[in-house]
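All values below were derived from every heavy atom in this structure, side-chain atoms included, with hydrogens, water molecules and symmetry-related copies excluded.
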Amino acid sequence: MIIKRLVTILIGIILIAIGAIFLLGNLSGNKPGHIFNIRFNPWESNDKENSKDYRDIDEKDTVNIDGINKIDIEVTFAKVNIISEEREDISVRYYGDIPSNIRTNLNTKSSGNKLTINAKAQSNYKINLSPKIDLYLDIIIPSSYTNSLNLEADLGSIQIEGLELDKLYVKGDLGDINIKNVDTKEVNVESSLGKISIDNVSSVKNKLSADVGSIEAKNIVGDLEVETDLGSIELEYDDLNSDIVAKSDSGSIKIKLPKNSSFYIEADTSLGNIKSDFPLEVNEKSNTKLKGRIGDGKNKIMTSVELGSIKIETK
């Protein structure tokens, strides 16, 4: 079973890597048989080569929010930053310093009650991503907007902060995802390759999943479901008043809770160990399995790992 699981994880990593190559290849516009040369992170800070082949782009738009109850955002390649402030409309800015052979296009479209924001970057011929590339998408949303927001990004980090929404859905293919100070009814965050970091998020339902990458969540309010195929999970609570389901195929799970927490726990690992700092009333215990409760056990913690350890710590 463990060997089968490890093989599945390795195949998944290979498929994600192939997908990354195709994604970057589409950005470059390379035709079959052409070589797409990538030597390191395109955002790595170093002096540009052939600076005359670079150009600045700065595309802007503002959109009236009246009648809009859904915002869909699609991004090819950029560092995405979404915040809210007291304003009447949505401000969108797509800007940066890029090779001259990359074409960018910012498009906003309102249709009925939905606003779509597309930020695209592509090239029709070979590019070399070894020089520094800076491309950003800043979106400022009126604080009065409290409906749904969907974001899908192919390549680049994502930063979201200070929103109050009905629903928040974020999907990132390659890049870290950071969400902070968000109040909503439902949060769903998916990452193919990259770290997910959540801090001070309040939601009735929180769902976080990563194919390859670690997940860290602090100060979560509401039920939490978190899962990763390859990567560690670290959760920290100031107050536990909800249920937790945490699963990892390969990677450790650590949950840090206040000393006065009450919960019922079921934890198991196929290859690893389980430790708890809490004086549990134990129903079942071994090196790889633990069932027990502390206090009234009103909050449920269900956690499992195929390959890795589980630790429940006090803070």
Side-chain angles (χ1 to χ4, degrees), residues 1-17 19-20 172-179 187-199 201 206-220 223-237 240 242-259 261 263-280 282-294 297 299-315:
M1 173 65 80
I2 295 174
I3 294 176
K4 181 179 179 182
R5 177 68 67 178
L6 288 173
V7 171
T8 301
I9 292 171
L10 290 173
I11 292 174
I13 295 172
I14 292 170
L15 291 175
I16 291 172
D173 285 337
L174 284 85
D176 295 341
I177 300 174
N178 296 276
I179 300 176
V187 172
N188 189 344
V189 181
E190 300 177 12
S191 172
S192 297
L193 180 60
K195 180 180 179 180
I196 297 176
S197 299
I198 307 294
D199 189 5
V201 171
N206 301 278
K207 186 175 181 180
L208 314 174
S209 60
D211 293 332
V212 179
S214 62
I215 299 177
E216 292 184 3
K218 298 180 179 180
N219 306 317
I220 297 291
D223 291 343
L224 174 63
E225 181 179 342
V226 56
E227 184 173 0
T228 177
D229 292 335
L230 180 60
S232 62
I233 296 173
E234 293 190 16
L235 310 176
E236 183 175 341
Y237 283 77
L240 180 63
S242 55
D243 295 337
I244 301 172
V245 177
K247 299 178 181 179
S248 174
D249 287 340
S250 181
S252 62
I253 295 178
K254 182 167 67 175
I255 303 175
K256 187 176 290 188
L257 304 170
K259 291 182 178 180
S261 298
F263 58 87
Y264 169 78
I265 184 171
E266 289 188 9
D268 65 82
T269 175
S270 297
L271 186 60
N273 57 72
I274 302 172
K275 295 182 180 180
S276 174
D277 292 343
F278 288 88
L280 299 173
V282 176
N283 297 333
E284 181 180 351
K285 185 177 182 181
S286 68
N287 288 335
T288 60
K289 188 178 292 289
L290 174 65
K291 292 183 181 181
R293 73 175 63 238
I294 184 169
N299 304 302
K300 292 181 175 59
I301 300 176
M302 315 297 286
T303 178
S304 63
V305 175
E306 291 289 341
L307 179 61
S309 61
I310 298 173
K311 187 170 185 180
I312 312 298
E313 297 182 344
T314 59
K315 58 178 297 185

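The heavy-atom pair separating N299 from S242 by the smallest distance is OD1-N, 3.1 Å. The nearest pair of heavy atoms linking I196 to S209 is CD1-O, 3.4 Å. Minimum interatomic distance between L290 and S276 (heavy atoms only, all atoms of both residues): CD2-CB, 4.2 Å. A217 approaches L208 most closely through the heavy-atom pair CB-CD1, 4.3 Å. Considering every non-hydrogen atom in both G194 and S191, the closest pair reads O-OG, 3.3 Å.
Between the CD1 atom of I255 and the CD1 atom of I312 there is a distance of 4.0 Å, given to the nearest 0.5 Å. The distance from atom CD1 of I294 to atom NZ of K259, rounded to the nearest 0.5 Å, is 11.5 Å. Atoms CD and CG, on E225 and N188 in that order, are 9.0 Å from each other to the nearest 0.5 Å. With rounding to the nearest 0.5 Å, the separation of CG in L230 from OG in S250 is 5.0 Å. Atom-to-atom distance recorded for T288:OG1 and I310:CD1 is 9.5 Å, nearest 0.5 angstrom.
Here the options are V245, L224, I265, the test is side-chain contact (heavy atoms from CB on, under 4.5 Å), and the partner is I301; only I265 passes. Considering I215, I244, I233, L235 in turn, I233 is the only one that fulfils the side-chain contact (heavy atoms from CB on, under 4.5 Å) rule with I253.
With T303 contributing its side chain and A246 its backbone, the two residues share a donor-acceptor pair below 3.5 Å. At least one donor-acceptor pair closer than 3.5 Å links the side chain of T269 to the backbone N or O of V305. Counting only distance, with no hydrogens or angles, the side chain of S248 and the backbone of G231 share a donor-acceptor pair below 3.5 Å. For the pair D243 (side chain) and K300 (backbone), a donor-acceptor distance under 3.5 Å is present. Without hydrogens or angle criteria, N206 side chain to D223 main chain gives a donor-acceptor distance under 3.5 Å.
In this model, a donor atom of one side chain and an acceptor atom of the other lie less than 3.5 Å apart for S270 and E306. If you check the side chains of N273 and N287, you find no donor sitting under 3.5 Å from an acceptor.
Within a 6.0 Å sphere centred on NZ of K285, other residues, nucleotides and ligands contribute 12 heavy atoms or fewer.
Here F278 pairs with F263 under the ring pair (Phe, Tyr, Trp, His ring centres under 6.0 Å) rule; sequence neighbours left out. For E190, the salt bridge (Lys or Arg N to Asp or Glu O under 4.0 Å) criterion is met by no residue, not counting sequence neighbours. K195 meets the salt bridge (Lys or Arg N to Asp or Glu O under 4.0 Å) test with E216; sequence neighbours excluded. Contacts of K311 classified as salt bridge (Lys or Arg N to Asp or Glu O under 4.0 Å), with partners at least two apart in sequence or in another chain: E313. K291 pairs by the salt bridge (Lys or Arg N to Asp or Glu O under 4.0 Å) definition with E284, not counting sequence neighbours.
Here salt bridge (Lys or Arg N to Asp or Glu O under 4.0 Å) pairs that include residues 265-275, with residues two or more places apart or in two chains, number zero.
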- prompt: What's the verdict on side chain to side chain contact (heavy atoms under 4.5 Å, CB included) for I198 and V187, showing C-alpha distance, side-chain angles and the deciding distance?
  reply: CA-CA 11 Å; I198 307 294; V187 172; 5.7 Å; no
